[in-house]
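Shown next, in structure tokens, is the structure this report addresses.
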Amino acid sequence: MKLGPLDKAMRDEASAGTLPVSVKKIIEVENLRRDFQVGEETVHALRGISFDIREGEFVTIMGSSGSGKSTLLNILGCLDTPTSGEYRLDGIPVRSMDKDRRAEIRNRKIGFVFQSYNLLPKTTALENVELPLLYNPAVKAEERRRRSLDALQKVGLADRVQHRSNQMSGGQQQRVAIARALVNDPVLILADEATGNLDTRTSYEILSLFQELHHAGRTIVFVTHNPELARFSSRNIVLRDGHVIQDAPNRDLRSAKDALLALPKEDD
């Protein structure tokens, strides 16, 4: 199999120990286009972009307003379909699916983490995490609870399982959201500005958690407008005007945990 420049760079990164070694493609995007009709004008949000994301990568997708990243996020999350081109998620072609099939794939294959957490306000952390499993009839109540408790423990919230959203800080709420994203054991974690509502210290805490998940072999796509976050992912894709203008591994990967430790200590 002939390797392109990015494949070779990723192989070298994997050999250096900064990326897990895997050739399985979780995301395959080929000549993806998405047009919207606004009155008499056609808006070309995506203009024929192509890339693959392999199992175990932590990829940041960046771009300013109007770059096409929100449109791409919706397609990767099976919330929308492209006008043309192909999108395969874990080897499954998505474009030709109907809405119900996309919803099923979305629930089974993708864990979402949003900027605004999207937790149900009057329910406990445990109940919020259990929610995706309610749509899977194969998972019984006992198993649902066990998996949800395990997910909360993984994000450091074993002592907050009965707390409601209004009893938790923003960072704790985002940890609940990450636990909810993990509970179905998805092939992809898709984060949309997941640190956008958090202060600097809490942002580093959440980024550190994402890095831990990455080191454990999780495939993560982090969509953001903030270029500083690119320092903490293994690969960066940059969009502009519906085109991919940069796609390269991060050769200076920074530790969010170290960045957190370097912050000035908070006053008591």
Using 0.5 Å steps for rounding, measure from the [atom1] atom of [X] to the [atom2] atom of [Y].
X      : Y      : atom1 : atom2 : result
Glu130 : Arg147 : CD    : CZ    : 11.0 Å
Asp241 : Arg47  : CG    : CZ    : 6.5 Å
Leu263 : Asp258 : CG    : CG    : 11.0 Å
Arg144 : Leu131 : CZ    : CG    : 10.0 Å
Ile27  : Leu188 : CD1   : CG    : 4.5 Å
His243 : His44  : NE2   : NE2   : 10.0 Å

Using atom types as modelled and distance alone, determine if a side-chain donor or acceptor of [X] lies under 3.5 Å from a backbone N or O of [Y].
X      : Y      : result
Asn128 : Ala177 : no
Asn236 : Met62  : no
Glu55  : Val187 : no
Asp247 : Ile237 : no
Asp98  : Asp100 : yes
Arg145 : Glu142 : no
Glu193 : His225 : yes
Thr42  : Gln37  : no
Tyr87  : Arg95  : no
Ser208 : Ala256 : no

Only distances under 3.5 Å count here; give the side-chain donor-acceptor pairs of residues 110-117 to other protein atoms, sequence neighbours excluded, each with its distance to 0.1 Å.
unit_1 : atom_1 : unit_2 : atom_2 : d
Gln115 : NE2    : Asn197 : OD1    : 2.9
Ser116 : OG     : Asn118 : OD1    : 2.9

Answer yes if [X] and [Y] sit in the same cluster of Ile, Leu, Val, Met, Phe, Trp and Tyr residues linked by side chain heavy atoms under 4.5 Å apart, and no otherwise.
X      : Y      : answer
Leu76  : Val244 : yes
Leu73  : Ile220 : no
Val155 : Leu260 : yes
Ile53  : Ile92  : yes
Ile49  : Val238 : no

Discussion item. Among residues at least two apart in sequence or on other chains, which ones pass ring-ring contact (aromatic ring centres under 6.0 Å, His included) with Phe51?
Written reply: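 By the ring-ring contact (aromatic ring centres under 6.0 Å, His included) rule, Phe51 matches no residue at all.
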
Worksheet entry | CA sep, side-chain torsions, deciding dist, call: Arg175, Ile206, side chain to side chain contact (heavy atoms under 4.5 Å, CB included) | CA-CA 7 Å; Arg175 286 176 180 270; Ile206 294 301; 3.9 Å; yes

Exercise answer: donor-acceptor pairs, residues 161-168 side-chain atoms, under 3.5 Å, sequence neighbours excluded:
unit_1 : atom_1 : unit_2 : atom_2 : d
Arg164 : NH1    : Lys122 : O      : 2.4
Ser165 : OG     : Leu120 : O      : 3.4
Gln167 : OE1    : Arg164 : N      : 2.8

Flag the pair [X] / [Y] as yes when at least one side-chain heavy-atom distance between them is below 4.5 Å, and no otherwise.
X      : Y      : result
Leu46  : Ile75  : yes
Val139 : Asn184 : no
Glu86  : Asn31  : no
Gln174 : Thr202 : no
Leu213 : Leu182 : yes

Which atom of [X] lies closest to which atom of [Y], heavy atoms considered:
X      : Y      : value
Ser233 : Asn250 : O-ND2, 2.9 Å
Leu119 : Gln173 : CD1-O, 3.6 Å
Met97  : Arg102 : O-NH1, 3.4 Å
Leu198 : Gly171 : CD2-N, 3.9 Å
Gly56  : Thr219 : N-OG1, 2.8 Å

Discussion item. I'd like to know whether Glu30 forms a salt bridge (charged side-chain N to carboxylate O under 4.0 Å, His left out) with Arg88, so could you lay out the CA-CA distance, the side-chain angles of the two residues, the decisive distance to 0.1 Å, and finally the verdict.
Written reply: CA-CA 9 Å; Glu30 296 178 7; Arg88 287 183 289 276; 2.4 Å; yes

Item to complete: Report the relative orientation of the aromatic rings in Phe210 and Phe222; use parallel for angles under 30°, tilted for 30 to 60°, perpendicular for over 60°.
Response: perpendicular

Worksheet entry | Glu143 atom CD: more than 12 heavy-atom contacts under 6.0 Å |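 More than 12 heavy atoms, drawn from other residues, nucleotides or ligands, come within 6.0 Å of this atom.
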
Worksheet entry | Within 6.0 angstrom of Glu104 CD, more than 12 heavy atoms from elsewhere | yes

Item to complete: Examine Arg34 relative to Phe36 and say whether NZ or CZ is less than 6.0 Å from the centre of the six-membered ring and inside a 45° cone about the ring axis.
Response: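 Relative to the ring axis of Phe36, which defines the angle, Arg34 lies inside both limits.
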
Discussion item. One thing to verify: whether Asp185 and Arg218 come together as a salt bridge, which I'm taking to mean a side-chain N less than 4.0 angstrom from a carboxylate O.
Written reply: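 A salt bridge is present here (some side-chain N lies under 4.0 Å from a carboxylate O).
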
Worksheet item: Is the shortest side-chain N to carboxylate O distance from Lys154 to Asp150 below 4.0 Å?
Response: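 Counted as a salt bridge, because a side-chain N and a carboxylate O are separated by less than 4.0 Å.
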
